[in-house]
Amino acid sequence: MNKFIPIGLLLLSPCLASAADWTQFRGANGTGISDEQTVPTKWSKTEGIRWKVELPGRGLSSPVIADGRVYVTACTGYQQTRLHVLCFDAASGKKLWERQFWATGGTGCHPNTSMAAPTPATDGQRVYALFATCDLVCLDRDGNLVWLRALTKDYPTVTNQVGMAASPILYKDVLVVQMENAGESFVAGIDKLTGKNKWKHDRERQINWVTPLVANFAGREVLLVQSPAELSAFNPLTGEKVWKYQTKGIATIPSAVAGKDMIFLPGGDLEGLRPDAKGSPELAWTGTKLKPATASPLYYKDHVYTLSGAGILNCAEAATGKVVHQERLKGPFSASPIAANGNVYCTNEEGTTFVVQVGENVSIVATNSLGDTILGSPAISGGAIYLRSDQYLYCIGEKK
Amino acid sequence: MRTLAILFIASAVLIPPPTAIAADTGPLLTKIKAVGKEGAGNVEATKAWQDLVKLGPAVLIDTLTALDDADPVAANWLRSAVDSIADREINAGKPLPVDKLEAFIKDTRRSGAGRRLAYEWLARVDASTPKRLLPGMLNDPGSELRRDAVAVAIADAQGLLDKDDKAAARTAFKKLLGAARDRDQVDVIAGKLRMLGETVDLTAHFGFIPRWSIVMPFDNTGSKGFPVVYPPEKGVDLNAVYKGKDGDVRWKEVTTADPYGMVDINTLLTKHMGAVAYAFAAVDSDKEQTVQVRAGSNNAIKIFLNGKEIFNREEYHHGNRMDQHIGAGVLKPGRNEILVKVCQNEQKDAWAQSWSFQVRICDDIGGAVPFKVRDEKPKAPSEEKK
C-alpha cells in the first residue's frame with residue numbers, strides 16, 4: 001500500500017473498519033457491546049494472555065482496533081509534555097509504528113488522570129487522537145501525518161486544570177469533539193479528511209468529561225451532547241440542533257448510553273428517556289438506585305447496568321427502571337463496563353475484571369486479576385479483549 | 001552501450017543531486033509553517049509534508065532547522081516528518097546521517113526542541129549517545145536535554161555520596177543546583193545538600209517574589225469581578241484608599257515564609273469569599289530582559305507586567321501547580337511593576353476555600369533571572385496621620 005495516499009484517493013477509497021472492529025470509545029457505535037461469540041472469560045497474569053507489550057507511558061484511553069491494527073495513546077515526560085500514538089499488529093503485538101508530538105496546551109491535571117485520557121477513534125484508514133492538551137492529530141494507518149490541530153491555538157482558553165477527557169467520535173466523515181471546560185467550550189464537527197471545522201457550537205463553560213454519542217432515537221440518528229444542565233441532540237453531519245432535554249444535575253463524568261429507542265442519562269439518578277409523539281425525549285422513569293459513579297452505564301439485552309461508587313453492579317429493566325439484581329463487586333471502577341456473549345465485563349482500577357453472566361441467573365463467572373492499574377475501558381475485537389494499564393497493553397485471548 | 005550512456009546522461013539531468021533535493025525543502029517547509037487557525041492551510045501542509053518525507057534523510061537537518069522559528073503547531077508537523085523519515089530509514093536497515101545529527105545537537109543556536117529530537121534519533125541508532133553527550137549538557141539551553149543531563153549527574157553525585165565522599169558530593173550537588181530547572185530535580189538536589197549541612201534558598205533559586213503589597217477585598221460576587229477593572233489595574237498607588245467590597249480598603253504589606261513563594265491570602269490577611277485581591281511588587285532589573293512571569297494558583301488570576309496584562313485564566317479550584325500559568329514579557333532596565341489579580345469565588349466545598357498564589361520571574365526554561373524586589377511598601381495608617 002502506498003504510504004503517501006493523496007487526499008483525493010482517500011475520498012474515494014472505502015472505509016476499512018469492519019463490524020468486528022472496535023473503533024472508538026465503547027466500540028463502533030458507542031454501546032460497549034460486541035457481537036462476537038468467542039470472547040475470553042478467564043485469564044490471569046500468567047494465563048490466557050495472547051500478548052502483552054510495554055507502553056512508553058500512562059494513559060486512560062482505551063485501545064481501538066481496526067483492520068488488524070491496534071491503536072493506543074500514551075504520554076510521557078516531565079509534566080506529561082510528550083504525546084504518543086502507537087500502532088500494534090493485532091495478531092502478534094508487534095509494534096508497527098509510534099509517533100510523538102509535543103504538547104501545545106496545558107498539562108495540569110488531577111493525579112488520577114493523564115494527558116492520554118481521551119480514547120482515539122479510527123475508520124481503519126486513519127486514526128484520530130485527541131489529547132487532554134487539546135492537541136488533535138490525524139495519522140494514516142501507517143503513521144503518516146494527515147493533519148493536526150492545536151485547539152488551544154484556535155481557542156486559547158480551552159483547557160482545564162483537572163484534565164480534559166472527552167473522547168472524539170467518528171460519524172461518517174465528521175469527527176466530533178466535545179470540549180467543555182472553564183474556558184471556551186464547544187462541540188464541533190470536524191472534516192475528518194482535512195481537519196477543518198464543518199460546524200461548531202458554543203457550549204456552557206463548565207468542566208465536563210463526558211463523551212458524545214451518536215444514537216438512533218425516534219427514527220433518526222442524533223448526536224447526543226451531555227452537559228450539566230442539558231442533553232442536546234444535533235444532526236451530526238450539519239450541527240443542526242434537533243432537540244434539547246433539560247434536567248437538573250446531569251452527570252459530567254459518566255456518559256449517556258442508548259438502546260432500543262431509549263436514552264439512559266446519568267446524573268444524580270439515572271433517567272430513562274423515550275421519544276414523545278414529536279420525537280423529542282420525555283422522562284420514562286427515574287432510577288434512584290441506579291446512579292453511576294465514574295463508569296458509564298451499559299444497555300444490554302433489555303437491561304441497563306450501572307456501577308455504583310460502592311462497587312455494586314446494578315441491573316434494572318430498561319423499559320421500567322426497576323432494579324432486578326444487584327451484584328457486589330470490588331471497586332473502584334474508572335473503566336466503563338462492556339458486554340459480549342451474554343457476559344458483562346467490569347474492570348476495576350486494580351486491574352481485576354469481573355465477568356458477570358447476565359440473563360435470568362445473574363452470577364459472577366470469573367474474577368480475573370492482572371494486578372495492574374487499569375483506568376481505561378476494555379475493547380473487544382477478533383475474539384480478544386484488549387486492556388491498557390498504566391504500563392502495558394494486554395491482548396487477552398488464546399495464543400495463535 | 002550507447003543506450004546505457006544515453007540513459008546515464010538522461011538520469012543525470014532528470015534526477016537532481018542531493019544538494020538540489022535539499023534546496024527544494026524551502027517551499028515545502030514554508031507551506032507547513034503556514035498552517036493557521038482552525039485547520040487553515042492543512043490541505044496544503046499535508047501535501048507539502050508528503051513531498052518532504054519523500055525526499056528522505058537528505059532533508060532531516062533542514063527539517064530540524066526549520067523548528068527554530070516554527071510555531072508550536074507547525075513544530076509538530078515538522079516533528080512528525082522527521083520521525084517518519086528516520087523511522088522508515090531504520091526499518092529499511094539504512095543508516096541515519098549520524099555525524100550531521102550530532103553536529104546539529106551540538107549547535108546550541110538551534111532550537112532546544114529540534115536538538116532534542118535529533119538527540120533522540122541519534123540515541124536510537126547509537127547507544128553511546130547519552131553517555132557521550134549528556135555530561136556536557138548540564139547548562140544546555142534546551143530544557144529536555146538539560147533535564148536528562150541533570151538526571152545523569154544526580155546519579156553520579158549520589159554515587160559519591162554512597163562512597164561517603166561527602167566533600168566531592170557536596171561540590172557536585174552544588175553545581176547541580178545551579179543547573180537544575182525542574183522542581184522535582186531541584187527538590188532532590190536541595191534535599192541532598194541540606195543533608196550535607198548546606199543551606200538552600202529555594203525562593204531565590206526559582207526567582208519567587210516573597211514580599212508583596214496586597215489590597216482586598218473587591219467584589220467578586222457571582223464570579224463577576226474577573227473582568228471588572230478595579231482601581232489598582234488603572235495604576236498602583238500604595239497609599240491610596242479604595243472603595244472595596246465591604247468598605248474602604250488599603251494596601252498592606254505581606255511576606256511569605258513559604259520557600260516556593262506561596263502567599264496564602266486567607267491566613268496572611270483575611271478570608272473572604274466572592275472577593276478579588278490585588279498583589280503588587282516592584283522589581284529592579286539591571287538590564288532589559290525577556291522574561292516569563294509564572295504563577296500557580298487555585299483561583300482565577302490575571303498577571304500584569306508594567307501595566308500590561310500578560311496572562312489571564314478564569315478558572316477556580318481545579319488544581320494548583322507551580323508554573324501552571326505563564327505570561328511572557330520584558331523587564332526594562334530599572335523599576336518594573338508586577339500586579340497580580342487573584343479572584344476567589346463563593347464555592348462552599350472544603351476543597352474550594354484556598355485563596356492563594358505564587359509568582360516567579362524566570363527565563364523560558366525556568367531559570368531565575370537577576371532582579372531585586374524593591375523596598376516599596378504602603379505607609380502604615382499611623383505614619384499617614386503624622
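Note: hydrogens, waters and symmetry copies are ignored here, and every other heavy atom, side chains too, is used. Chain naming here is simple, since letters A, B, ... match the order of the sequence lines and numbering starts at 1 in each.
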Quick one, [X] and [Y] - any side-chain contact, counting heavy atoms below 4.5 Å?
X: W147(A); Y: W77(B); result: yes
X: E120(B); Y: R82(A); result: yes
X: Q79(A); Y: R321(B); result: yes
X: L67(B); Y: W102(A); result: yes

Checklist entry - Looking at N160(A), N197(A), T157(A), which makes the most heavy-atom pairs under 4.5 Å with chain B? => result N160(A)
Checklist entry - Counting heavy-atom pairs under 4.5 Å to chain B, which of R205(A), K196(A), K200(A) comes out on top? => result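 Between R205(A), K196(A), K200(A), the count favours K196(A).
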Separation of [Y] [atom2] from [X] [atom1] (nearest 0.5 Å):
X: R88(B); Y: D142(A); atom1: CZ; atom2: CG; value: 8.5 Å
X: W49(B); Y: L148(A); atom1: CH2; atom2: CG; value: 10.5 Å
X: S80(B); Y: L139(A); atom1: OG; atom2: CG; value: 7.5 Å
X: N144(A); Y: D83(B); atom1: CG; atom2: CG; value: 11.5 Å
X: Q50(B); Y: L145(A); atom1: CD; atom2: CG; value: 9.0 Å

Contacting moiety of [X], where chain B heavy atoms sit under 4.5 Å:
X: T107(A); value: both
X: I190(A); value: neither
X: D191(A); value: neither

Checklist entry - Going by atom types alone, do R313(B) and T159(A) pair a side-chain donor with an acceptor below 3.5 Å? => result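 Looking only at side-chain atoms, T159(A) and R313(B) do not form any donor-acceptor pair under 3.5 Å.
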Checklist entry - Just by distance, with hydrogens left out, do R149(A) and N76(B) show a side-chain donor and acceptor under 3.5 Å apart? => result no
What part of [X] gets closer than 4.5 Å to chain A, counting heavy atoms only: side chain, backbone, both or neither?
X: L117(B); answer: side chain
X: A40(B); answer: backbone
X: D182(B); answer: both
X: N320(B); answer: neither
X: A75(B); answer: both
X: R183(B); answer: both
X: H325(B); answer: side chain

Checklist entry - With distance as the sole test, does T104(A) use its side chain to make a donor-acceptor pair with the main-chain N or O of P72(B) at under 3.5 Å? => result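 Side chain of T104(A) to backbone of P72(B): no pair is present.
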Search all heavy atoms of [X] against all heavy atoms of [Y] and return the closest pair with its distance.
X: V73(B); Y: A150(A); value: CG2-CB, 3.5 Å
X: G143(A); Y: S84(B); value: O-OG, 3.9 Å
X: E315(B); Y: Q161(A); value: OE2-N, 2.9 Å

Checklist entry - Could K153(A) and E38(B) be called an ion pair, given the rule that one side-chain N must be under 4.0 Å from one carboxylate O? => result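 The answer is no: the pair does not qualify as a salt bridge.
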Checklist entry - Among E314(B), H317(B), E144(B), Q185(B), which residue forms the greatest number of heavy-atom pairs with chain A at distances under 4.5 Å? => result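 The answer is E144(B).
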Item to check | R147(B) NZ/CZ over Y78(A) ring centroid, <6.0 Å and within 45° of normal | outcome: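 That pair qualifies as a cation-pi contact.
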Item to check | Heavy-atom neighbours of K33(B) NZ exceed 12 at 6.0 Å | outcome: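 For K33(B), atom NZ is crowded (more than 12 foreign heavy atoms under 6.0 Å).
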